[in-house]
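For reference, the structure is listed below as structure tokens.
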2 protein chains.
Amino acid sequence: MDDQETGPLKSIADLARLAGVSVSTVSRALTGKGALSKGTRGRIQALADRHGFRLNVAAQNLRLGRTGAIAVLMPLGLARGLQLSDPFLVTMLGFLADALTDRGYDLLLSRVSPDRDDWLDAFIRAGRADGVIIIGQADQGAVLGRVAAHYRPMVVWGEQGAGGGPAMVGADNEAGGRLAAQHLVERGRRSLAFFGDIDVPEFAARHAGFLAGLPASLRGGVALVCSPLTPEASHAKARDWFAAGNRPDGIFAASDVVAMSLVAAAADHDLRVPQDLSIIGFDDIPLARLARPPLTTVRQDIEAGAHHLVDLLFRRIGGEDAGSVQIAPELIVRETS
Amino acid sequence: MDDQETGPLKSIADLARLAGVSVSTVSRALTGKGALSKGTRGRIQALADRHGFRLNVAAQNLRLGRTGAIAVLMPLGLARGLQLSDPFLVTMLGFLADALTDRGYDLLLSRVSPDRDDWLDAFIRAGRADGVIIIGQADQGAVLGRVAAHYRPMVVWGEQGAGGGPAMVGADNEAGGRLAAQHLVERGRRSLAFFGDIDVPEFAARHAGFLAGLPASLRGGVALVCSPLTPEASHAKARDWFAAGNRPDGIFAASDVVAMSLVAAAADHDLRVPQDLSIIGFDDIPLARLARPPLTTVRQDIEAGAHHLVDLLFRRIGGEDAGSVQIAPELIVRETS
DNA sequence: CTGTTAGCGCCTTCAG
DNA sequence: CTGAAGGCGCTAACAG
């Protein structure tokens, strides 16, 4: 195939020498930018192809003052990589990867430890990415607010704080909580509980909405159980809680994984779902439908969320001062309620 | 805080000017490399800290001829980002992110379309990453083999091919299949099926091991059902298959998601699991234990797999000619068998 | 111990 | 339409 075996082409200069033109001509030919005669351009492109030469993206980016990558950071999951295993986060990650690729950007998945207060500033100043998407503000609201004040290309998935914070995209968690409450009440449930850690803002909003959606007579009796998120830990928590003799007839869980743990723990204690106990999750992860019984849940549209995140980010990169977006949740009634 | 407001420090040169030293001194101070008096180093580091200055990683990497990133590519999941949602892949991704971060590398998640034959060469030549981890060879065995012949820093998760291919890490899928077969036989199951797409090499090996683990008398009667991998699609496939009147008493599924779909579909057809039908999955994803009934499965140690992948990759980056690794699977008996 | 110098591979004015 | 030259921000010899 190779008529002239000149060794691997390391740089644009090698190719220029080979083609008998200058480096700038090669650059113009390969980037498609700048005026160039049709003939030369075609000839050089063919030559590059034949030798398998591609512009070095790193150098290109340095010169252009960009990186071609968007960082996705998940403060929630920093302590253990395993936290990343939450199906919701992962599904989100997949959609983000697609949306970013469509725009010609790479997704940089970088674990950062929110141990020091300046973890985010430090990451940003390292210049590894042209923008940052944060999934789950966790307890870093203050940090995010401070950084947002002077760094534009950042968007956050999570619960809308009181104005002035970073640009956010998220489900209307409070509305979701109300949906769950109304549904349980319609089912005749009266002894209720919420499973989730309300130190996480999203979960706090779900909890608040849940209470708000209840008649005043029930509101005071709602048990609040601070459950972890992983399958193992939440299952253990639920089992202990049932073992302690708690017998509610309706539970709203902060996530589908927690809800599935509850279903499993209920079975361990011979509680029938949904006859004795209604359980509602949140997220509608793909596996929720496959659970036995199929899980009733409040759906967040993850794909729409990912697209909004990316749209918003690129608007802000483009200089627009685009603001937050909220996505309406939807109750999906299956068989655990 | 800032005693001298000089505007944001854009580069090492600004800081050098501010500190009254040369750029190389600043470089030495901030990288910690090279000889430098304790005093100057401390002074410059303090100054950098005070002004929030950090070395630009992109420029640093260009100079060093590296990128500081490892690409993770998943040819399986390229058509739709959603494919990434398989819990196994996702869990793997989390462990990889951790292992790479520990070594100071970023994880570049880049969707590439294996449409043209040179997708991998093109990606590599763009120079975006210092190494490549491929999760799931899918039908790209030929491409991987060819690239491996001239590109060292690449490792593949999947099924060991006949020698000469790329460096691989993977579970011993055939042994896993045998474990499943022996277990079903011990349970007295005689009418068997395998659910999975044997065009995928890993699944083909699981299928082959399954047959090999069976007494000759049963081997011929094993149904082979080509099932997709996503929850929705595999559930539909299983339901249709039961609806067509098929009534095996033992099924080995290519993945836990497929197994959970089978459990759900069996329930739709009033088949009791495990009384009427034993089902075994593969992977042992975190949710397998939470399924109702908890799923019997063949466990692959995902964390060990991720560590082997990263170890192997860096050995190869370091010039070693390290070869493949195989991980022993383990049967986890729960309640679907 | 510190400064000077020459690039890493590319893009982009500015001339011709 | 094409070439020459400077520089993106940083590091690593080589001098001093």
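Per chain, numbering begins at 1; letters A, B, ... match sequence-line order.
Under the 3.5 Å distance criterion, the side-chain polar atoms of A:D130 are matched with a main-chain donor or acceptor of A:G68.
Between A:W119 and A:Q140 the shortest side-chain heavy-atom distance falls below 4.5 Å. Between A:L18 and A:H51 there is a side-chain heavy-atom pair separated by less than 4.5 Å. Within the 4.5 Å cutoff, the side chain of A:L107 has no heavy atoms near those of the A:I70 side chain.
Each of A:V57 and B:R41 was matched to the nucleotide of DNA chain C holding its nearest heavy atom; the match closer to the 5' end belongs to B:R41. Heavy-atom distances to DNA chain D give each of A:L62 and B:R63 a nearest nucleotide, and the one nearer the 5′ end belongs to A:L62. Nearest-nucleotide positions on DNA chain C for B:K38 and A:A13 put B:K38 closer to the 5' end. Taking for each of A:T40 and B:K33 the nucleotide of DNA chain D with the nearest heavy atom, the 5'-most of the two is the partner of A:T40.
C:dG7 atom P lies 21 Å from atom CD of B:Q60, rounded to whole Å. Atom-to-atom, CG of B:N56 to C1' of C:dC8 comes out at 13 Å; the value is rounded to the nearest Å. For A:D14 and C:dC8, the CG to C1' distance is 13 Å, given to the nearest whole Å. Between the CZ atom of A:R66 and the P atom of C:dG9 there is a distance of 19 Å, given to the nearest Å.
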Can you list, pair by pair, the side-chain donor-acceptor contacts under 3.5 Å of residues 148-156 of chain A, counting residues two or more places apart and other chains?
none

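DNA chain D lies under 4.0 Å from no heavy atom of any residue of residues 123-131 of chain A.
With sequence neighbours excluded, no residue forms a side chain to side chain donor-acceptor pair (under 3.5 Å) with A:S27. For the side chain to side chain donor-acceptor pair (under 3.5 Å) test, no residue two or more places apart in sequence or in another chain qualifies with A:D49.
Nucleic acid contact for B:S37: sugar-phosphate only, since backbone atoms but no base atoms lie under 4.0 Å from a heavy atom of the residue. Within 4.0 Å (heavy atoms only), B:S11 reaches sugar-phosphate atoms of the nucleic acid but no base atom.
In this structure, CG on A:L93 lies 6.0 Å from CG on B:L93, to the nearest 0.5 angstrom. Atom CG of B:L73 is separated from atom CD1 of B:I135 by 9.0 Å, given to the nearest 0.5 angstrom.
Relative ring orientation between A:W157 and A:F88 is described as tilted, the plane-to-plane angle lying within the 30° to 60° band.
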| task | For DNA chain C, just give me the dot-bracket, please: Watson-Crick or G-U, both distances below 3.5 Å, ( ) intra-strand, [ ] crossing earlier pairs, | paired with another strand, . unpaired. | result | ||||||||||||||||

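The outermost nucleotides of DNA chain D lying under 4.0 Å from heavy atoms of chain A, listed 5' to 3', are D:dC1 to D:dC8.
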| request: Mind running side-chain hydrogen bond (donor to acceptor under 3.5 Å, both in side chains) on A:T67 and A:N61 for me, showing each step along the way? | output: CA-CA 5 Å; A:T67 69; A:N61 285 336; 5.9 Å; no

| message | Under the criterion salt bridge (Lys or Arg N to Asp or Glu O under 4.0 Å), I'd like the reasoning laid out for A:R54 against B:D121: C-alpha separation, chi angles, the key distance, then a yes or no. | response | CA-CA 10 Å; A:R54 302 252 310 201; B:D121 312 75; over 6 Å; no

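Between the side chain of B:R28 and the base of C:dG3, a donor-acceptor pair under 3.5 Å is found.
In this model, the phosphate group of C:dG3 is approached by a side-chain N or O of B:T25 to a distance below 4.0 Å at OP1 or OP2.
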